[in-house]
Amino acid sequence: GEVAVSWRPSSEFAGNLYKGEGILPASPRNVWECIKPVAGGLRTKWDQNVKDFEVIEAISDTVSICRTTTPSACMRIISPREFVDVVVMKQYEDGTMQSAATNVEHPLCPPQPNFVRGFNYPCGCFCIPVPG
């Protein structure tokens with residue numbers, strides 16, 4: 001399948017907003033299992049930019065505080081990063097699955113040595129069923 005990536009300048013920060021879209025020949029549930037942000041999930045197995053994902057605090061069954069770490073890059077010129085976000089996951093009646101996240105500070109997750117603390121603006125993923 002093809003993936004289309006589009007972008008536009010942000011009105012909130014000095015940078016761009018990016019969107020990737022594609023149709024995969026798989027069930028929405030199987031796709032969601034690969035991308036959902038959960039500890040022990042499949043994302044760390046296929047996404048080279050996600051080294052680890054952990055839940056710092058489960059607020060409810062759909063909202064949690066999570067820490068994501070990324071490996072160093074460019075022959076270690078770019079240091080490993082860590083991101084702490086509040087994450088919400090939801091499934092809609094039409095079968096759409098969504099995760100949305102944004103940066104947060106949390107007392108149980110102070111900055112860790114050997115990581116640069118990153119900052120995520122609001123972001124997320126949708127998995128939307130299509131006919132056929």
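A side-chain donor-acceptor contact under 3.5 Å links T69 to the backbone of D52. Between the side chain of S64 and the backbone N or O of C66 there is no donor-acceptor pair closer than 3.5 Å. At least one donor-acceptor pair closer than 3.5 Å links the side chain of Q112 to the backbone N or O of P110.
Taken together through direct or relayed side-chain contacts under 4.5 Å among Ile, Leu, Val, Met, Phe, Trp and Tyr, V38 and V88 form parts of separate hydrophobic clusters. In the hydrophobic clustering of this structure, V50 does not group with F83; members are Ile, Leu, Val, Met, Phe, Trp, Tyr whose side-chain heavy atoms approach within less than 4.5 Å, directly or through other members. Hydrophobic clustering keeps V86 apart from M89 (ILVMFWY residues linked when any side-chain heavy atoms are closer than 4.5 Å, directly or through intermediates). In the hydrophobic clustering of this structure, F53 does not group with L42; members are Ile, Leu, Val, Met, Phe, Trp, Tyr whose side-chain heavy atoms approach within less than 4.5 Å, directly or through other members. L108 is connected to V104 through a chain of hydrophobic side-chain contacts under 4.5 Å among Ile, Leu, Val, Met, Phe, Trp and Tyr, so both are in one cluster.
Applying the side-chain contact (heavy atoms from CB on, under 4.5 Å) criterion to T96, with sequence neighbours excluded, gives Y92, D94, F126, I128, P129. Legend: residues meeting side-chain hydrogen bond (donor to acceptor under 3.5 Å, both in side chains) with N114, ordered by chain and number and at least two apart, are absent.
Among residues at least two apart or in separate chains, ring pair (Phe, Tyr, Trp, His ring centres under 6.0 Å) pairs with a member in residues 97-123 are F13-Y121, F119-Y121.
Under the 4.5 Å side-chain criterion, counting only non-hydrogen atoms from C-beta, C34 is in contact with W46. Looking at heavy atoms from C-beta onward, R81 lies out of side-chain contact with R117 at the 4.5 angstrom threshold. Looking at M97 and P28, their side chains come closer than 4.5 Å, going by heavy atoms from C-beta outward. Side-chain contact between E82 and P111 is present, with heavy atoms from C-beta onward closer than 4.5 Å. I65 is not listed as a side-chain neighbour of D85, based on a closest heavy-atom distance of 4.5 Å or more. Side-chain contact between V84 and C109: present, with at least one pair of heavy atoms (C-beta onward) separated by less than 4.5 Å. In this structure, the side chains of S99 and W32 come closer than 4.5 Å at one or more pairs of heavy atoms. Between S72 and S79 the shortest side-chain heavy-atom distance does not fall below 4.5 Å.
No donor-acceptor contact under 3.5 angstrom links the side chains of N103 and N120, judged on distance only.
Atoms CZ and CD1, from R43 and I35 in turn, are 7.5 Å apart once rounded to the nearest 0.5 Å. Rounded to the nearest 0.5 angstrom, E2 CD and I23 CD1 are separated by 10.0 Å. For the atom pair C127 SG and L24 CG, the distance stands at 8.0 Å (nearest 0.5 Å).
The nearest pair of heavy atoms linking D47 to N49 is OD1-N, 2.9 Å.
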